[in-house]
Amino acid sequence: MTAPQQTPTEAVPISRYPVPSLDSLPDDIRQRILVVQEKAGFVPNVFLALAHRPDEFRAFFAYHDALMDKEGGLSKGEREMIVVATSAANQCLYCVVAHGAILRIYEKQPLLADQVAVNYRKADLSARQRAMLDFAMKVCVASHEVNDDDFAVLRAHGFSDEDAWDIAAITAFFGLSNRMANTIGMRPNDAFYLMGRVPKSK
């Protein structure tokens, strides 16, 4: 007997639920996706998978943008560190792979995302960033135990109480994202696996 042919990864469904075509989407959602496609060179599967429910798509990305695109005491790379570390704790393949790629690009450190996903305590991070992730992980797995001492530690590393809110909100938001991605079987785009791993030639 011959071995069965391997199925190309592109042929594997990206969601357990119906995935709409771009042409079938409301104009505002389609335009948002086209902007992302032009910037990234492909459409991240999360956009198509969540477009199954347009109203929830809009609410999801509005909150995403409010948390991830804002000014504040956290850099864009640090926000992605939070996503990668807590998504790994929640065993979310999509978010670890996709946001790991973004983390590598923002920080220009090809090794960092894998380190953060596996064990951020051993990663090449500053003491400040490690304290940030300690707090994020406590919110992720034991939020009922968060107390004033945790805020004091963050303050000692230069974080404001508003920064603490951001850390908690990013953790909580991606906790929702992780659980939905796992439930619907959302698959990361193959392109994410290689992004940011090899420095671009000048």
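What you see is a predicted model; the values in this text were computed from it and never measured.
For Q91 and N182, the side-chain atoms include no donor-acceptor pair closer than 3.5 Å. Looking at S87 and N90, their side chains never bring a donor and an acceptor atom within 3.5 Å of each other. A side-chain donor from one of Y120 and D134 sits under 3.5 Å from a side-chain acceptor of the other.
A 4.5 Å side-chain heavy-atom check between V83 and R79 finds every atom pair outside the cut-off. At least one side-chain heavy atom of F159 sits under 4.5 Å from a side-chain heavy atom of L74. M132 has its side chain out of reach of V153: every pair of non-hydrogen atoms, C-beta onward, lies at least 4.5 Å apart.
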Just distance, no hydrogens or angles: give the donor-acceptor pairs under 3.5 Å from side chains in residues 165-176, sequence neighbours left out.
unit_1	atom_1	unit_2	atom_2	d
D166	OD1	K70	NZ	3.1
D166	OD2	K70	NZ	3.4
T171	OG1	I167	O	2.8

Please list every donor-acceptor pair under 3.5 Å in which a side-chain atom of residues 41-54 meets a protein atom from a residue at least two apart or in another chain.
unit_1	atom_1	unit_2	atom_2	d
N45	OD1	N189	ND2	3.2
N45	ND2	R187	O	2.7
H52	ND1	P18	O	3.4
R53	NH1	E56	OE2	3.0

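Smallest separation of non-hydrogen atoms from A85 and L133: CB-CD2, 4.1 Å. Among all heavy-atom pairs drawn from S75 and E107, the shortest one is OG-OE2, 4.2 Å.
Residue Y106 is found in a hydrophobic cluster whose other members, listed by chain and number, are I102; membership requires side-chain heavy atoms under 4.5 Å apart, directly or through intermediates.
Every ring pair (Phe, Tyr, Trp, His ring centres under 6.0 Å) that F135 has, sequence neighbours left out, goes to F151. With sequence neighbours excluded, no residue satisfies salt bridge (charged side-chain N to carboxylate O under 4.0 Å, His left out) with D69. E80 meets the salt bridge (charged side-chain N to carboxylate O under 4.0 Å, His left out) test with no other residue; sequence neighbours excluded.
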Before giving the answer on salt bridge (Lys or Arg N to Asp or Glu O under 4.0 Å), spell out for R30 and D23 the whole-Å C-alpha distance, their side-chain angles and the decisive distance to 0.1 Å.
CA-CA 7 Å; R30 183 171 61 253; D23 291 343; 5.5 Å; no
Give the intermediate values and the outcome of salt bridge (Lys or Arg N to Asp or Glu O under 4.0 Å) for residues R32 and D65.
CA-CA 12 Å; R32 169 155 191 154; D65 293 351; 2.8 Å; yes
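In this structure, R155 CZ and D163 CG are separated by 11.5 Å, a value rounded to the nearest 0.5 Å. Between C92 atom SG and M186 atom CE the span is 6.5 Å, to the nearest 0.5 Å. Note: R121 CZ to M137 CE = 6.0 Å, rounded to the nearest 0.5 Å.
Between F60 and H64, the angle of the ring planes stays under 30°, which puts this pair in the parallel group of the 30/60° scheme.
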